[in-house]
Number of protein chains: 2
Amino acid sequence: MISRRIPEASVARLPLYLRVLVDLAEGGAQTVSSHALAEAVGVNPAKVRKDLSYLGSYGTRGVGYDVEYLVRQISRELGLSEEWATCIVGLGNLGLALAHYGGFVERGFHLAALLDDDPAKVGTTVADVEVSHVDETERLVKEHGIAIGVIAVPATAAQEVADRLCAGGVTSILNFAPAVLQVPDGVSLRKVDLAVELQILAFYEQRRAVEAAGLGGADLAGVLDPIPPP
Amino acid sequence: MISRRIPEASVARLPLYLRVLVDLAEGGAQTVSSHALAEAVGVNPAKVRKDLSYLGSYGTRGVGYDVEYLVRQISRELGLSEEWATCIVGLGNLGLALAHYGGFVERGFHLAALLDDDPAKVGTTVADVEVSHVDETERLVKEHGIAIGVIAVPATAAQEVADRLCAGGVTSILNFAPAVLQVPDGVSLRKVDLAVELQILAFYEQRRAVEAAGLGGADLAGVLDPIPPP
DNA sequence: AGCTGTGAAAAAGTTCACAGCA
DNA sequence: TGCTGTGAACTTTTTCACAGCT
(Lines give C-alpha, C1' and ligand atoms only; values in the text may rest on other atoms or scores of the structure.)
Protein backbone atom coordinates (compact mmCIF):
# COMPACT_ATOMS: atom_id res chain seq x y z
CA MET A 1 0.00 0.00 0.00
CA ILE A 2 2.95 2.36 0.60
CA SER A 3 4.34 4.35 -2.31
CA ARG A 4 2.46 2.70 -5.13
CA ARG A 5 4.25 3.58 -8.35
CA ILE A 6 2.41 2.05 -11.23
CA PRO A 7 4.60 1.86 -14.36
CA GLU A 8 3.39 4.04 -17.22
CA ALA A 9 3.03 1.06 -19.50
CA SER A 10 0.67 -0.55 -17.01
CA VAL A 11 -1.38 2.60 -16.54
CA ALA A 12 -1.95 2.74 -20.29
CA ARG A 13 -3.47 -0.74 -20.17
CA LEU A 14 -5.81 -0.18 -17.24
CA PRO A 15 -8.50 1.47 -19.40
CA LEU A 16 -8.43 -1.53 -21.73
CA TYR A 17 -8.90 -3.98 -18.87
CA LEU A 18 -11.67 -1.81 -17.53
CA ARG A 19 -13.55 -1.81 -20.80
CA VAL A 20 -13.43 -5.60 -21.08
CA LEU A 21 -14.38 -6.03 -17.43
CA VAL A 22 -17.41 -3.78 -17.82
CA ASP A 23 -18.52 -5.84 -20.80
CA LEU A 24 -18.01 -9.03 -18.81
CA ALA A 25 -19.97 -7.65 -15.88
CA GLU A 26 -22.82 -6.72 -18.20
CA GLY A 27 -22.68 -10.24 -19.59
CA GLY A 28 -23.18 -11.51 -16.07
CA ALA A 29 -19.72 -12.92 -15.44
CA GLN A 30 -18.76 -13.21 -11.75
CA THR A 31 -15.06 -13.91 -12.08
CA VAL A 32 -12.42 -13.81 -14.76
CA SER A 33 -8.99 -15.40 -15.02
CA SER A 34 -5.88 -13.53 -16.07
CA HIS A 35 -5.82 -15.80 -19.07
CA ALA A 36 -9.33 -14.87 -20.23
CA LEU A 37 -8.75 -11.18 -19.59
CA ALA A 38 -5.45 -11.32 -21.44
CA GLU A 39 -7.10 -12.94 -24.43
CA ALA A 40 -9.82 -10.28 -24.56
CA VAL A 41 -7.33 -7.43 -24.40
CA GLY A 42 -4.77 -9.05 -26.64
CA VAL A 43 -1.86 -9.33 -24.22
CA ASN A 44 0.08 -11.94 -22.26
CA PRO A 45 -1.59 -13.37 -19.09
CA ALA A 46 1.52 -12.72 -16.99
CA LYS A 47 1.29 -9.08 -17.97
CA VAL A 48 -2.30 -8.91 -16.77
CA ARG A 49 -1.33 -10.37 -13.42
CA LYS A 50 1.64 -8.02 -13.02
CA ASP A 51 -0.47 -5.02 -13.96
CA LEU A 52 -3.23 -5.94 -11.55
CA SER A 53 -0.74 -6.72 -8.82
CA TYR A 54 0.35 -3.07 -8.87
CA LEU A 55 -3.14 -2.17 -7.73
CA GLY A 56 -2.94 -4.64 -4.86
CA SER A 57 -3.65 -8.32 -4.59
CA TYR A 58 -7.21 -8.54 -5.69
CA GLY A 59 -7.39 -12.02 -7.15
CA THR A 60 -8.19 -15.36 -5.60
CA ARG A 61 -5.77 -18.21 -6.31
CA GLY A 62 -7.44 -21.08 -8.02
CA VAL A 63 -10.40 -18.91 -8.98
CA GLY A 64 -9.47 -15.64 -10.67
CA TYR A 65 -10.55 -12.06 -10.18
CA ASP A 66 -13.95 -10.86 -9.04
CA VAL A 67 -15.20 -8.87 -12.01
CA GLU A 68 -17.31 -6.29 -10.20
CA TYR A 69 -14.70 -5.71 -7.57
CA LEU A 70 -11.98 -5.23 -10.16
CA VAL A 71 -14.15 -2.78 -12.07
CA ARG A 72 -14.48 -0.71 -8.92
CA GLN A 73 -10.78 -0.83 -8.14
CA ILE A 74 -9.64 0.14 -11.62
CA SER A 75 -12.28 2.86 -11.90
CA ARG A 76 -11.12 4.34 -8.65
CA GLU A 77 -7.48 4.09 -9.64
CA LEU A 78 -8.21 5.86 -12.91
CA GLY A 79 -10.05 8.57 -11.07
CA LEU A 80 -13.30 7.77 -12.80
CA SER A 81 -15.29 8.12 -9.61
CA GLU A 82 -14.83 11.84 -9.99
CA GLU A 83 -16.27 14.01 -12.74
CA TRP A 84 -13.49 15.66 -14.70
CA ALA A 85 -14.39 18.95 -16.35
CA THR A 86 -12.96 19.18 -19.86
CA CYS A 87 -13.01 21.62 -22.74
CA ILE A 88 -12.35 21.34 -26.44
CA VAL A 89 -10.56 24.12 -28.26
CA GLY A 90 -11.09 24.22 -32.02
CA LEU A 91 -14.35 23.17 -33.62
CA GLY A 92 -13.27 22.13 -37.06
CA ASN A 93 -14.26 18.68 -38.26
CA LEU A 94 -12.22 16.93 -35.64
CA GLY A 95 -13.30 19.17 -32.78
CA LEU A 96 -16.93 18.66 -33.71
CA ALA A 97 -16.44 14.93 -33.92
CA LEU A 98 -14.86 14.93 -30.48
CA ALA A 99 -17.65 17.09 -29.04
CA HIS A 100 -20.21 14.61 -30.28
CA TYR A 101 -18.21 11.57 -29.29
CA GLY A 102 -20.26 9.54 -26.86
CA GLY A 103 -17.36 7.82 -25.11
CA PHE A 104 -16.26 11.26 -24.08
CA VAL A 105 -19.06 11.97 -21.67
CA GLU A 106 -19.70 8.31 -21.04
CA ARG A 107 -17.27 7.89 -18.19
CA GLY A 108 -16.86 10.82 -15.92
CA PHE A 109 -15.79 13.36 -18.50
CA HIS A 110 -17.96 16.44 -18.49
CA LEU A 111 -17.76 18.88 -21.39
CA ALA A 112 -17.68 22.23 -19.60
CA ALA A 113 -16.71 24.49 -22.49
CA LEU A 114 -16.17 24.67 -26.22
CA LEU A 115 -13.92 27.29 -27.77
CA ASP A 116 -13.20 28.55 -31.25
CA ASP A 117 -11.79 31.70 -32.78
CA ASP A 118 -14.32 31.87 -35.62
CA PRO A 119 -16.94 34.56 -34.80
CA ALA A 120 -19.46 32.64 -36.88
CA LYS A 121 -19.20 29.69 -34.50
CA VAL A 122 -19.13 31.64 -31.25
CA GLY A 123 -22.60 31.72 -29.71
CA THR A 124 -23.85 28.63 -31.51
CA THR A 125 -24.61 25.49 -29.53
CA VAL A 126 -22.80 22.21 -30.09
CA ALA A 127 -23.57 19.09 -28.09
CA ASP A 128 -25.66 21.19 -25.72
CA VAL A 129 -22.76 23.51 -24.95
CA GLU A 130 -22.55 27.11 -26.09
CA VAL A 131 -19.41 27.91 -28.05
CA SER A 132 -17.24 30.66 -26.56
CA HIS A 133 -14.49 32.70 -28.14
CA VAL A 134 -11.00 31.35 -27.60
CA ASP A 135 -10.06 34.60 -25.83
CA GLU A 136 -12.29 33.43 -22.99
CA THR A 137 -10.18 30.31 -22.45
CA GLU A 138 -8.37 31.37 -19.27
CA ARG A 139 -11.53 32.69 -17.68
CA LEU A 140 -13.65 29.65 -18.48
CA VAL A 141 -10.99 27.17 -17.37
CA LYS A 142 -10.78 28.97 -14.03
CA GLU A 143 -14.52 29.38 -13.58
CA HIS A 144 -15.43 25.78 -14.38
CA GLY A 145 -12.39 24.27 -12.75
CA ILE A 146 -11.50 22.55 -16.00
CA ALA A 147 -8.76 19.98 -15.47
CA ILE A 148 -8.34 18.57 -18.96
CA GLY A 149 -8.08 20.55 -22.18
CA VAL A 150 -8.37 19.02 -25.63
CA ILE A 151 -6.60 20.83 -28.47
CA ALA A 152 -8.08 20.39 -31.93
CA VAL A 153 -6.79 23.51 -33.67
CA PRO A 154 -4.28 23.76 -36.55
CA ALA A 155 -0.63 23.17 -35.64
CA THR A 156 0.22 26.85 -35.91
CA ALA A 157 -2.22 27.83 -33.16
CA ALA A 158 -1.63 24.86 -30.88
CA GLN A 159 1.13 26.29 -28.68
CA GLU A 160 -0.80 29.48 -28.01
CA VAL A 161 -3.88 27.49 -27.06
CA ALA A 162 -1.79 25.27 -24.80
CA ASP A 163 -0.34 28.34 -23.08
CA ARG A 164 -3.81 29.71 -22.47
CA LEU A 165 -5.11 26.43 -21.12
CA CYS A 166 -2.18 26.19 -18.74
CA ALA A 167 -2.53 29.82 -17.72
CA GLY A 168 -6.13 29.06 -16.83
CA GLY A 169 -5.03 26.18 -14.67
CA VAL A 170 -5.53 23.06 -16.75
CA THR A 171 -3.31 20.21 -15.58
CA SER A 172 -3.77 17.78 -18.48
CA ILE A 173 -3.75 18.34 -22.21
CA LEU A 174 -4.73 15.99 -25.00
CA ASN A 175 -3.27 17.37 -28.21
CA PHE A 176 -4.56 16.44 -31.66
CA ALA A 177 -2.58 19.10 -33.48
CA PRO A 178 0.51 17.87 -35.33
CA ALA A 179 2.86 19.98 -33.26
CA VAL A 180 5.27 19.43 -30.38
CA LEU A 181 3.99 21.42 -27.43
CA GLN A 182 5.82 22.89 -24.47
CA VAL A 183 3.95 22.80 -21.17
CA PRO A 184 4.98 23.71 -17.61
CA ASP A 185 6.12 21.04 -15.19
CA GLY A 186 3.21 19.33 -13.52
CA VAL A 187 1.00 19.41 -16.60
CA SER A 188 0.44 16.04 -18.29
CA LEU A 189 0.55 16.04 -22.03
CA ARG A 190 -0.59 13.34 -24.40
CA LYS A 191 -0.68 13.46 -28.15
CA VAL A 192 -2.72 11.82 -30.87
CA ASP A 193 -1.32 12.34 -34.33
CA LEU A 194 -3.25 10.85 -37.22
CA ALA A 195 -0.64 11.56 -39.87
CA VAL A 196 2.05 9.93 -37.73
CA GLU A 197 -0.04 6.79 -37.28
CA LEU A 198 -0.50 6.48 -41.04
CA GLN A 199 3.17 7.02 -41.66
CA ILE A 200 4.08 4.30 -39.21
CA LEU A 201 1.78 1.93 -41.06
CA ALA A 202 3.32 3.03 -44.33
CA PHE A 203 6.75 2.10 -42.96
CA TYR A 204 5.72 -1.48 -42.36
CA GLU A 205 3.89 -1.63 -45.70
CA GLN A 206 7.03 -0.47 -47.37
CA ARG A 207 9.12 -2.99 -45.53
CA ARG A 208 6.91 -5.86 -46.51
CA ALA A 209 7.19 -4.72 -50.12
CA VAL A 210 10.97 -4.57 -49.91
CA GLU A 211 11.23 -7.93 -48.18
CA ALA A 212 9.00 -9.52 -50.80
CA ALA A 213 11.13 -8.00 -53.57
CA GLY A 214 14.35 -8.98 -51.83
CA LEU A 215 13.62 -12.67 -51.21
CA GLY A 216 16.78 -14.68 -51.66
CA GLY A 217 19.04 -11.67 -51.36
CA ALA A 218 18.22 -10.10 -54.71
CA ASP A 219 19.67 -6.71 -55.53
CA LEU A 220 17.61 -3.97 -54.02
CA ALA A 221 19.26 -1.06 -55.79
CA GLY A 222 16.73 1.63 -56.41
CA VAL A 223 14.46 0.19 -53.78
CA LEU A 224 16.28 0.72 -50.52
CA ASP A 225 19.93 1.43 -51.12
CA PRO A 226 20.94 4.87 -49.98
CA ILE A 227 21.53 7.64 -52.42
CA PRO A 228 25.10 8.87 -51.86
CA PRO A 229 25.11 11.93 -49.60
CA PRO A 230 25.63 15.35 -51.18
CA MET B 1 23.07 -2.18 -45.15
CA ILE B 2 22.48 -5.83 -44.31
CA SER B 3 19.34 -6.78 -42.41
CA ARG B 4 18.34 -3.37 -41.11
CA ARG B 5 15.97 -3.91 -38.20
CA ILE B 6 14.81 -0.56 -36.97
CA PRO B 7 13.35 -0.76 -33.46
CA GLU B 8 9.66 0.00 -33.27
CA ALA B 9 10.22 2.89 -30.92
CA SER B 10 12.52 4.48 -33.45
CA VAL B 11 10.12 3.96 -36.33
CA ALA B 12 7.45 5.79 -34.36
CA ARG B 13 9.72 8.82 -34.10
CA LEU B 14 10.73 9.01 -37.75
CA PRO B 15 7.54 10.83 -38.79
CA LEU B 16 8.21 13.43 -36.09
CA TYR B 17 11.74 14.03 -37.31
CA LEU B 18 10.45 14.23 -40.84
CA ARG B 19 7.90 16.88 -39.99
CA VAL B 20 10.49 19.07 -38.29
CA LEU B 21 12.99 18.55 -41.08
CA VAL B 22 10.46 19.56 -43.72
CA ASP B 23 9.75 22.74 -41.77
CA LEU B 24 13.48 23.41 -41.48
CA ALA B 25 13.97 22.85 -45.20
CA GLU B 26 11.17 25.27 -45.96
CA GLY B 27 12.84 27.74 -43.63
CA GLY B 28 15.97 27.46 -45.76
CA ALA B 29 18.15 25.53 -43.30
CA GLN B 30 20.98 23.53 -44.91
CA THR B 31 22.07 21.45 -41.96
CA VAL B 32 20.80 20.57 -38.51
CA SER B 33 22.54 19.13 -35.47
CA SER B 34 21.16 16.25 -33.44
CA HIS B 35 20.83 18.72 -30.61
CA ALA B 36 18.63 21.16 -32.55
CA LEU B 37 16.52 18.37 -33.98
CA ALA B 38 16.12 16.82 -30.54
CA GLU B 39 14.98 20.11 -29.11
CA ALA B 40 12.38 20.58 -31.83
CA VAL B 41 10.98 17.09 -31.38
CA GLY B 42 11.24 17.10 -27.62
CA VAL B 43 13.65 14.21 -27.13
CA ASN B 44 17.25 13.54 -26.09
CA PRO B 45 19.98 14.30 -28.70
CA ALA B 46 21.55 10.88 -28.23
CA LYS B 47 18.23 9.33 -29.15
CA VAL B 48 18.12 11.32 -32.36
CA ARG B 49 21.58 10.14 -33.31
CA LYS B 50 20.78 6.51 -32.48
CA ASP B 51 17.55 6.66 -34.44
CA LEU B 52 19.21 8.20 -37.47
CA SER B 53 22.10 5.78 -37.26
CA TYR B 54 19.66 2.93 -37.89
CA LEU B 55 18.99 4.46 -41.30
CA GLY B 56 22.71 4.57 -42.04
CA SER B 57 25.42 7.09 -41.30
CA TYR B 58 24.08 10.20 -42.86
CA GLY B 59 25.59 12.92 -40.70
CA THR B 60 28.86 14.77 -40.94
CA ARG B 61 30.97 15.00 -37.80
CA GLY B 62 31.54 18.53 -36.68
CA VAL B 63 28.70 19.75 -38.90
CA GLY B 64 25.44 17.88 -38.47
CA TYR B 65 22.96 16.39 -40.88
CA ASP B 66 22.10 17.67 -44.33
CA VAL B 67 18.44 18.61 -44.02
CA GLU B 68 17.32 17.89 -47.58
CA TYR B 69 19.17 14.64 -47.75
CA LEU B 70 17.72 13.49 -44.47
CA VAL B 71 14.22 14.38 -45.62
CA ARG B 72 14.72 12.17 -48.65
CA GLN B 73 16.11 9.28 -46.63
CA ILE B 74 13.38 9.30 -44.03
CA SER B 75 10.66 9.73 -46.65
CA ARG B 76 11.98 6.77 -48.51
CA GLU B 77 12.28 4.70 -45.37
CA LEU B 78 8.71 5.53 -44.44
CA GLY B 79 7.54 4.54 -47.90
CA LEU B 80 6.31 8.03 -48.65
CA SER B 81 7.73 8.00 -52.15
CA GLU B 82 4.89 5.69 -53.03
CA GLU B 83 1.20 6.57 -53.08
CA TRP B 84 -0.68 4.41 -50.64
CA ALA B 85 -4.32 3.82 -51.44
CA THR B 86 -6.50 4.04 -48.34
CA CYS B 87 -10.16 3.83 -47.47
CA ILE B 88 -12.26 4.97 -44.56
CA VAL B 89 -15.09 2.80 -43.29
CA GLY B 90 -17.72 4.61 -41.26
CA LEU B 91 -18.73 8.19 -41.99
CA GLY B 92 -20.01 9.34 -38.66
CA ASN B 93 -18.54 12.49 -37.18
CA LEU B 94 -15.11 11.00 -36.85
CA GLY B 95 -15.07 9.36 -40.28
CA LEU B 96 -16.09 12.64 -41.88
CA ALA B 97 -13.44 14.51 -39.95
CA LEU B 98 -10.83 12.01 -41.13
CA ALA B 99 -12.04 12.22 -44.72
CA HIS B 100 -11.62 15.99 -44.66
CA TYR B 101 -8.36 15.90 -42.77
CA GLY B 102 -5.72 17.59 -44.88
CA GLY B 103 -2.71 15.80 -43.43
CA PHE B 104 -4.27 12.62 -44.67
CA VAL B 105 -3.82 13.25 -48.35
CA GLU B 106 -0.90 15.56 -47.77
CA ARG B 107 1.82 12.94 -47.83
CA GLY B 108 1.29 10.08 -50.17
CA PHE B 109 -2.01 8.87 -48.80
CA HIS B 110 -4.70 8.66 -51.44
CA LEU B 111 -8.31 8.28 -50.42
CA ALA B 112 -9.54 5.59 -52.81
CA ALA B 113 -12.87 4.73 -51.20
CA LEU B 114 -15.35 5.72 -48.51
CA LEU B 115 -17.76 3.21 -47.05
CA ASP B 116 -20.81 3.33 -44.84
CA ASP B 117 -23.81 1.12 -44.15
CA ASP B 118 -26.31 3.96 -44.07
CA PRO B 119 -28.31 3.98 -47.36
CA ALA B 120 -28.81 7.73 -46.94
CA LYS B 121 -25.06 8.28 -47.15
CA VAL B 122 -24.31 5.84 -49.96
CA GLY B 123 -24.09 7.68 -53.25
CA THR B 124 -23.31 11.06 -51.74
CA THR B 125 -19.91 12.61 -52.30
CA VAL B 126 -17.53 13.41 -49.46
CA ALA B 127 -14.12 14.97 -50.02
CA ASP B 128 -14.52 14.33 -53.76
CA VAL B 129 -15.07 10.62 -53.24
CA GLU B 130 -18.38 8.87 -53.76
CA VAL B 131 -19.57 6.91 -50.76
CA SER B 132 -20.12 3.18 -51.34
CA HIS B 133 -22.03 0.66 -49.30
CA VAL B 134 -19.96 -1.29 -46.82
CA ASP B 135 -20.94 -4.51 -48.60
CA GLU B 136 -18.69 -3.38 -51.43
CA THR B 137 -15.64 -3.30 -49.16
CA GLU B 138 -13.92 -6.47 -50.41
CA ARG B 139 -14.50 -5.58 -54.05
CA LEU B 140 -13.29 -1.99 -53.75
CA VAL B 141 -10.20 -2.93 -51.75
CA LYS B 142 -9.25 -5.43 -54.44
CA GLU B 143 -10.04 -3.15 -57.36
CA HIS B 144 -8.19 -0.12 -56.05
CA GLY B 145 -5.36 -2.06 -54.49
CA ILE B 146 -6.08 -0.44 -51.16
CA ALA B 147 -3.29 -1.16 -48.69
CA ILE B 148 -4.47 0.73 -45.62
CA GLY B 149 -7.96 0.66 -44.15
CA VAL B 150 -9.21 3.11 -41.55
CA ILE B 151 -11.98 1.93 -39.26
CA ALA B 152 -14.28 4.62 -37.84
CA VAL B 153 -17.38 2.58 -37.08
CA PRO B 154 -18.92 1.77 -33.68
CA ALA B 155 -17.12 -0.88 -31.62
CA THR B 156 -19.76 -3.51 -32.30
CA ALA B 157 -19.18 -3.39 -36.06
CA ALA B 158 -15.42 -3.02 -35.98
CA GLN B 159 -14.40 -6.68 -36.13
CA GLU B 160 -16.68 -7.39 -39.07
CA VAL B 161 -15.27 -4.41 -40.95
CA ALA B 162 -11.74 -5.53 -40.15
CA ASP B 163 -12.52 -9.00 -41.49
CA ARG B 164 -13.83 -7.53 -44.71
CA LEU B 165 -10.88 -5.25 -45.16
CA CYS B 166 -8.50 -8.16 -44.64
CA ALA B 167 -10.53 -10.39 -46.96
CA GLY B 168 -10.18 -7.72 -49.62
CA GLY B 169 -6.42 -7.70 -49.15
CA VAL B 170 -5.66 -4.74 -46.95
CA THR B 171 -2.34 -5.16 -45.11
CA SER B 172 -2.61 -2.30 -42.61
CA ILE B 173 -5.46 -1.15 -40.43
CA LEU B 174 -5.82 2.00 -38.37
CA ASN B 175 -8.61 1.41 -35.87
CA PHE B 176 -10.47 4.24 -34.16
CA ALA B 177 -13.17 2.00 -32.71
CA PRO B 178 -12.85 1.20 -29.01
CA ALA B 179 -12.47 -2.52 -29.59
CA VAL B 180 -9.67 -5.06 -29.65
CA LEU B 181 -9.42 -6.44 -33.16
CA GLN B 182 -8.17 -9.77 -34.42
CA VAL B 183 -6.32 -9.66 -37.73
CA PRO B 184 -4.44 -12.33 -39.68
CA ASP B 185 -0.66 -12.57 -39.43
CA GLY B 186 1.02 -10.16 -41.77
CA VAL B 187 -1.51 -7.41 -41.28
CA SER B 188 -0.31 -4.41 -39.28
CA LEU B 189 -2.76 -3.01 -36.79
CA ARG B 190 -2.62 0.30 -34.99
CA LYS B 191 -5.18 1.79 -32.70
CA VAL B 192 -6.24 5.25 -31.65
CA ASP B 193 -8.59 5.28 -28.69
CA LEU B 194 -9.82 8.65 -27.50
CA ALA B 195 -11.50 7.37 -24.36
CA VAL B 196 -8.35 5.54 -23.33
CA GLU B 197 -6.24 8.65 -23.75
CA LEU B 198 -8.60 10.62 -21.54
CA GLN B 199 -8.61 7.92 -18.92
CA ILE B 200 -4.83 7.86 -18.82
CA LEU B 201 -4.84 11.60 -18.23
CA ALA B 202 -7.47 11.13 -15.54
CA PHE B 203 -5.18 8.66 -13.78
CA TYR B 204 -2.42 11.22 -13.44
CA GLU B 205 -4.90 13.93 -12.45
CA GLN B 206 -6.19 11.64 -9.77
CA ARG B 207 -2.72 10.88 -8.56
CA ARG B 208 -1.78 14.51 -8.28
CA ALA B 209 -4.93 15.06 -6.25
CA VAL B 210 -4.09 12.18 -3.93
CA GLU B 211 -0.48 13.26 -3.54
CA ALA B 212 -1.54 16.79 -2.72
CA ALA B 213 -4.02 15.48 -0.15
CA GLY B 214 -1.49 13.05 1.26
CA LEU B 215 1.43 15.43 1.82
CA GLY B 216 3.24 14.47 5.00
CA GLY B 217 1.75 11.02 5.10
CA ALA B 218 -1.76 12.02 6.08
CA ASP B 219 -4.43 9.36 6.23
CA LEU B 220 -5.83 8.64 2.82
CA ALA B 221 -8.73 6.45 3.90
CA GLY B 222 -11.62 6.97 1.59
CA VAL B 223 -9.34 8.43 -1.03
CA LEU B 224 -7.19 5.55 -2.13
CA ASP B 225 -7.32 2.73 0.35
CA PRO B 226 -8.82 -0.41 -1.07
CA ILE B 227 -12.31 -1.49 -0.24
CA PRO B 228 -12.07 -4.98 1.26
CA PRO B 229 -12.76 -7.64 -1.38
CA PRO B 230 -16.13 -9.37 -1.39
C1' DA C 1 -6.03 -29.22 -9.82
C1' DG C 2 -6.29 -24.41 -10.94
C1' DC C 3 -4.89 -19.88 -10.92
C1' DT C 4 -2.66 -15.89 -8.61
C1' DG C 5 1.44 -13.24 -7.12
C1' DT C 6 6.08 -12.36 -7.77
C1' DG C 7 11.12 -12.95 -7.88
C1' DA C 8 14.33 -13.55 -11.57
C1' DA C 9 15.67 -13.67 -16.39
C1' DA C 10 15.29 -11.68 -20.84
C1' DA C 11 14.33 -8.13 -24.05
C1' DA C 12 13.64 -3.51 -25.46
C1' DG C 13 14.54 1.12 -25.06
C1' DT C 14 17.15 5.11 -23.31
C1' DT C 15 21.04 7.66 -21.92
C1' DC C 16 25.90 8.22 -21.11
C1' DA C 17 30.37 9.10 -22.46
C1' DC C 18 33.88 9.22 -25.48
C1' DA C 19 36.60 7.91 -29.65
C1' DG C 20 37.06 9.62 -34.17
C1' DC C 21 36.50 12.49 -38.00
C1' DA C 22 35.69 17.22 -40.38
C1' DT D 1 36.72 22.82 -31.81
C1' DG D 2 32.24 20.70 -32.76
C1' DC D 3 29.38 17.17 -33.68
C1' DT D 4 28.47 12.36 -35.18
C1' DG D 5 28.43 7.32 -34.36
C1' DT D 6 28.33 3.79 -31.11
C1' DG D 7 29.79 0.50 -27.32
C1' DA D 8 28.49 0.18 -22.70
C1' DA D 9 25.72 1.24 -18.67
C1' DC D 10 21.39 1.86 -17.15
C1' DT D 11 16.30 1.86 -16.98
C1' DT D 12 11.95 0.15 -18.21
C1' DT D 13 9.07 -3.36 -19.80
C1' DT D 14 8.00 -8.01 -20.84
C1' DT D 15 8.10 -12.76 -20.12
C1' DC D 16 9.18 -16.92 -17.65
C1' DA D 17 8.64 -20.11 -14.11
C1' DC D 18 7.21 -21.62 -9.94
C1' DA D 19 5.98 -21.18 -4.95
C1' DG D 20 1.82 -20.72 -2.48
C1' DC D 21 -3.02 -20.34 -1.61
C1' DT D 22 -7.98 -22.08 -2.42
Side-chain angles (χ1 to χ4, degrees), chain A residues 1-14 16-17 20-21 24 29-67 69-70 73-74 77 200 203-204 226 228-230, chain B residues 1-14 16-17 21 24 29-70 73-74 77 200 203-204 226 228-230:
Chain A
M1 185 51 35
I2 326 105
S3 108
R4 279 183 298 144
R5 280 253 160 280
I6 306 180
E8 252 185 77
S10 290
V11 171
R13 282 186 294 268
L14 292 181
L16 301 177
Y17 298 144
V20 168
L21 288 165
L24 285 171
Q30 293 288 316
T31 60
V32 63
S33 68
S34 63
H35 188 85
L37 190 46
E39 167 115 31
V41 173
V43 302
N44 180 304
K47 201 185 275 184
V48 171
R49 294 200 297 277
K50 256 272 147 72
D51 287 342
L52 296 182
S53 80
Y54 294 126
L55 310 184
S57 299
Y58 295 154
T60 309
R61 289 162 204 242
V63 180
Y65 300 87
D66 183 273
V67 174
Y69 181 66
L70 209 45
Q73 293 308 322
I74 297 180
E77 204 71 46
I200 295 171
F203 172 86
Y204 292 106
Chain B
M1 185 50 36
I2 326 105
S3 107
R4 279 185 295 143
R5 283 255 160 277
I6 306 181
E8 253 185 75
S10 289
V11 171
R13 282 186 295 266
L14 292 181
L16 301 176
Y17 298 144
L21 288 165
L24 285 171
Q30 293 288 315
T31 61
V32 64
S33 69
S34 63
H35 188 85
L37 189 46
E39 166 116 30
V41 174
V43 300
N44 180 303
K47 202 185 275 184
V48 171
R49 294 200 296 278
K50 257 272 149 72
D51 286 342
L52 296 181
S53 80
Y54 293 125
L55 309 184
S57 299
Y58 294 155
T60 308
R61 288 164 206 243
V63 180
Y65 300 88
D66 184 275
V67 174
E68 286 240 347
Y69 181 65
L70 209 45
Q73 292 308 323
I74 296 180
E77 204 71 44
I200 295 171
F203 171 87
Y204 292 107

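Convention: sequence-line order gives letters A, B, ...; per-chain numbering from 1. We use all heavy atoms of the structure for the numbers below, so side chains are in, but hydrogens, waters and symmetry mates are not.
What separates CG of B:Leu37 from P of D:dG5 is a distance of 12 Å, to the nearest Å. Rounded to an integer number of Å, the gap from A:Leu70 CG to C:dT4 P is 11 Å. In this entry the distance linking OH of A:Tyr54 with P of C:dT4 reads 16 Å, nearest Å. Atom pair A:Lys47:NZ and C:dA12:P shows a separation of 12 Å (rounding to whole Å applied). As a whole-Å value, the separation of B:Tyr65 OH from C:dA22 C1' is 14 Å. Atom CG of A:Leu55 is separated from atom P of C:dG5 by 10 Å (rounded to the nearest Å). In this structure, B:Glu39 atom CD and D:dC3 atom P are separated by 14 Å, rounded to whole Å. Rounded to an integer number of Å, the gap from A:Asn44 CG to D:dT13 C1' is 12 Å.
Checking A:Arg49 against A:Arg13, the closest nucleotide of DNA chain D that is more toward the 5' end is the one next to A:Arg13. Ranked by how close their nearest DNA chain D nucleotide is to the 5' end, A:Glu8 and B:Val32 are led by B:Val32.
In this structure the side chain of B:Leu55 reaches within 4.5 angstrom of the side chain of B:Leu14, judged on heavy atoms. You'll find the side chain of B:Tyr65 stays beyond 4.5 Å of the side chain of B:Leu21, heavy atoms only. Inter-residue side-chain proximity for B:Leu37 and B:Leu52 is flagged as met; some heavy-atom pair is nearer than 4.5 Å. With contacts defined as side-chain heavy-atom distances shorter than 4.5 Å, the pair B:Tyr54/B:Val11 does not qualify.
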Practice problem: Check the pair B:Tyr17 / B:Val41 against side-chain contact (heavy atoms from CB on, under 4.5 Å), numbers first and verdict last. | Solution: CA-CA 7 Å; B:Tyr17 298 144; B:Val41 174; 3.7 Å; yes
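A donor and an acceptor atom sit less than 3.5 Å apart, one in the side chain of B:Arg61 and one in the base of D:dT4. Between the side chain of B:Lys50 and the base of C:dT15 there is at least one donor-acceptor pair of N/O atoms closer than 3.5 Å.
The side chain of A:Thr60 sits closest to D:dT22 out of D:dT22, C:dG5, D:dG5. Nearest nucleotide to the A:Ser34 side chain, out of D:dT4, C:dT4, D:dT6: C:dT4.
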